[in-house]
Amino acid sequence: MTSPPVRRAFLTVPRERFLPEITKREGLERVYQDEAIVTSHDERGIPTSSSSQPSMMASMLEQLDLRPGQRVLEVGAGTGYNAALLAKIVGARGRVISVELDPATARRARRGLASVKSPAKLVRGDGREGWPRAGPYDRIIVTASTPTVPRAWHEQLSEGGLLELPLVHRRGQAQAIVTFRKLSQALRSEAVLYGGFMPLRDAPGAPVASPPPSLGAIERIDDRSRSLAQLSGEALRRLSAARRQRLLSLALSEARVHELGLRAPRPALSLYLTIEAPEDRLVGGWPRIGVISENGDGLALLAGGAKTFTRIESYGDRDAERLLLGLTEGWKQRGRPAGHDLRVEVSFPRGAAGSDVRLSWGS
Ligand SMILES: C[S@@+](CC[C@H](N)C(=O)[O-])C[C@H]1O[C@@H](n2cnc3c(N)ncnc32)[C@H](O)[C@@H]1O
């Protein structure tokens with residue numbers, strides 16, 4: 001953490017007050033680990049609310065460049081912890097409104113905020129409509145992901161204000177947390193962080209979008225289990241059951257290894273691939289990522305150390321390997337772009353209901 005106001009906020013707002021049931025059940029230590037803590041699920045067990053990972057919250061708050069006295073809108077109150085941190089940073093002259101869709105979650109957030117005497121105001125509603133009666137806002141922060149940018153957020157943001165949101169690309173396969181500045185008719189990205197958030201929902205109780213298809217093999221011996229292969233991605237959906245099974249057996253076979261001759265930072269090359277690889281070929285996701293061949297008879301995955309990719313491991317036909325090599329070469333030729341090189345521009349075409357999101361790589 002580099003910003004003193006963000007640091008002070010984390011030191012003064014107790015996270016346990018927003019997670020009383022977890023603190024009671026698992027102790028204070030659990031609440032002070034740098035992990036997201038899920039607080040509710042839908043009937044299929046898919047998380048619908050959580051207290052986000054503290055280090056990610058800190059990076060997002062720093063990126064938002066908050067100043068005392070600012071008016072802030074948060075979309076997705078969850079436990080209310082982030083709203084309390086926001087209120088601490090903008091101080092007594094500032095104002096924080098946090099919108100939560102789910103009534104029970106809104107009630108728990110209100111209780112948490114009251115328990116620390118936070119002035120942040122919790123309101124219930126669909127945050128995609130913003131909260132016009134208290135706008136315009138100097139800052140808007142969204143803590144659930146979205147593939148589009150609702151016009152209301154642009155309208156309720158002051159000129160020159162900042163909007164930070166987890167932007168979903170390619171049906172959930174890629175996410176980047178983008179901070180935009182409002183420039184009259186458009187929003188232009190100023191900074192990008194890596195990270196993943198659960199999606200915004202249409203209504204309380206509405207199903208959360210299912211995760212992409214996945215297949216895997218696990219070895220369980222005595223009490224220990226270990227993943228032997230794990231592939232996921234929309235690309236698997238177009239393959240027949242027999243082809244998916246064959247792909248899994250390929251992933252369990254011995255790989256051909258192609259050394260890249262470089263140490264590519266994992267987050268940078270992963271983000272590049274999720275944006276540039278054809279959607280019907282991309283598989284994996286953190287920490288593995290790669291592509292399958294056109295007909296599903298081949299697989300190529302990036303591999304290496306904890307922080308870098310150093311080689312391609314491939315299986316079956318050579319089509320996937322060629323594609324992954326080409327994409328990696330493209331990344332090199334473009335100057336090895338990372339998150340901060342991603343430019344995102346959002347415009348709101350006249351007469352159209354939605355927004356137009358354009359991604360490109362700057363230098
Ligand atoms: C990751 S949690 C937010 C974490 C939270 N900021 C905190 O500090 O605990 C995402 C929240 O967004 C809420 N949400 C989902 N769709 C929404 C919508 N359309 N409008 C407002 N809130 C929404 C969910 O119910 C969930 O509580």
Side-chain angles (χ1 to χ4, degrees), residues 6 9-10 13-23 31-32 34-43 46-61 63-64 66 72-89 96-113 115-116 118 120-132 134 137 139-153 156 163-168 172 175 177 193 195-209:
V6 173
F10 272 96
V13 180
R15 193 183 189 208
E16 68 270 24
R17 293 289 179 90
F18 299 87
L19 292 159
E21 75 287 21
I22 309 284
T23 312
V31 171
Y32 284 98
D34 186 24
E35 282 171 10
I37 298 180
V38 173
T39 48
S40 65
H41 300 88
D42 70 5
E43 60 285 355
I46 298 179
T48 53
S49 191
S50 67
S51 171
S52 313
Q53 186 183 15
S55 57
M56 174 53 69
M57 293 171 70
S59 303
M60 287 181 74
L61 290 171
Q63 210 68 265
L64 207 53
L66 293 154
V72 184
L73 175 70
E74 180 187 41
V75 174
T79 60
Y81 181 42
N82 197 48
L85 294 168
L86 288 164
K88 191 57 85 182
I89 299 170
V96 175
I97 309 275
S98 185
V99 197
E100 171 58 49
L101 180 75
D102 179 62
T105 306
R107 284 195 294 278
R108 78 167 284 156
R110 263 194 209 110
R111 281 197 299 275
L113 290 167
S115 79
V116 298
S118 173
K121 185 175 161 62
L122 202 290
V123 294
R124 213 205 58 76
D126 185 344
R128 292 171 305 177
E129 290 160 17
W131 193 258
Y137 302 96
R139 301 287 185 263
I140 300 179
I141 176 168
V142 185
T143 58
S145 59
T146 169
T148 58
V149 182
R151 201 179 274 267
W153 297 347
Q156 291 169 35
L163 163 65
E164 186 176 33
L165 56 91
L167 191 65
V168 172
Q175 262 194 50
I177 299 166
L193 294 168
F197 275 78
M198 59 185 65
L200 280 172
R201 278 168 298 147
D202 295 338
V208 181

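Counting from 1, the numbers follow the sequence of the chain as shown. Counting convention: from 1, in listed order, for ligands and their atoms alike. Every heavy atom of this structure was used, including side-chain atoms; hydrogens, water molecules and symmetry mates were not. These figures come from a predicted structure and were not determined experimentally.
Under the 3.5 Å distance criterion, the side-chain polar atoms of Ser145 are matched with a main-chain donor or acceptor of Met198.
Across all non-hydrogen atoms, the minimal contact from Glu129 to Gln156 is O-NE2, 3.0 Å. The two atoms that bring Pro47 and Val38 nearest to each other are CB-CG1, 3.8 Å, heavy atoms only. When all heavy atoms are compared, the tightest approach of Pro199 to Ala144 is C-CB, 4.0 Å.
Taking the six-membered ring for Trp and thresholds of 30 and 60 degrees, Tyr81 and Phe18 have ring planes inclined between 30 and 60 degrees apart.
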Determine whether Tyr32 and Glu16 satisfy the following criterion, side chain to side chain contact (heavy atoms under 4.5 Å, CB included), listing intermediate values before the conclusion. CA-CA 8 Å; Tyr32 284 98; Glu16 68 270 24; 2.4 Å; yes
So what's ligand 1 close to, N/O to N/O, under 3.5 Å?
{"unit_1": "ligand 1", "atom_1": "6 (N)", "unit_2": "Glu74", "atom_2": "OE2", "d": "3.1"}
{"unit_1": "ligand 1", "atom_1": "6 (N)", "unit_2": "Gly76", "atom_2": "O", "d": "3.1"}
{"unit_1": "ligand 1", "atom_1": "6 (N)", "unit_2": "Thr143", "atom_2": "OG1", "d": "3.1"}
{"unit_1": "ligand 1", "atom_1": "8 (O)", "unit_2": "Asn82", "atom_2": "N", "d": "3.0"}
{"unit_1": "ligand 1", "atom_1": "9 (O)", "unit_2": "Ser50", "atom_2": "O", "d": "3.2"}
{"unit_1": "ligand 1", "atom_1": "9 (O)", "unit_2": "Thr79", "atom_2": "N", "d": "3.0"}
{"unit_1": "ligand 1", "atom_1": "9 (O)", "unit_2": "Thr79", "atom_2": "OG1", "d": "2.7"}
{"unit_1": "ligand 1", "atom_1": "16 (N)", "unit_2": "Arg201", "atom_2": "N", "d": "2.8"}
{"unit_1": "ligand 1", "atom_1": "19 (N)", "unit_2": "Asp126", "atom_2": "OD1", "d": "2.9"}
{"unit_1": "ligand 1", "atom_1": "19 (N)", "unit_2": "Arg201", "atom_2": "O", "d": "2.9"}
{"unit_1": "ligand 1", "atom_1": "20 (N)", "unit_2": "Gly127", "atom_2": "N", "d": "2.8"}
{"unit_1": "ligand 1", "atom_1": "22 (N)", "unit_2": "Leu101", "atom_2": "N", "d": "3.2"}
{"unit_1": "ligand 1", "atom_1": "25 (O)", "unit_2": "Glu100", "atom_2": "OE2", "d": "2.6"}
{"unit_1": "ligand 1", "atom_1": "25 (O)", "unit_2": "Arg201", "atom_2": "NH2", "d": "2.7"}
{"unit_1": "ligand 1", "atom_1": "27 (O)", "unit_2": "Ser49", "atom_2": "OG", "d": "2.7"}
{"unit_1": "ligand 1", "atom_1": "27 (O)", "unit_2": "Glu100", "atom_2": "OE1", "d": "2.8"}
{"unit_1": "ligand 1", "atom_1": "27 (O)", "unit_2": "Glu100", "atom_2": "OE2", "d": "3.4"}

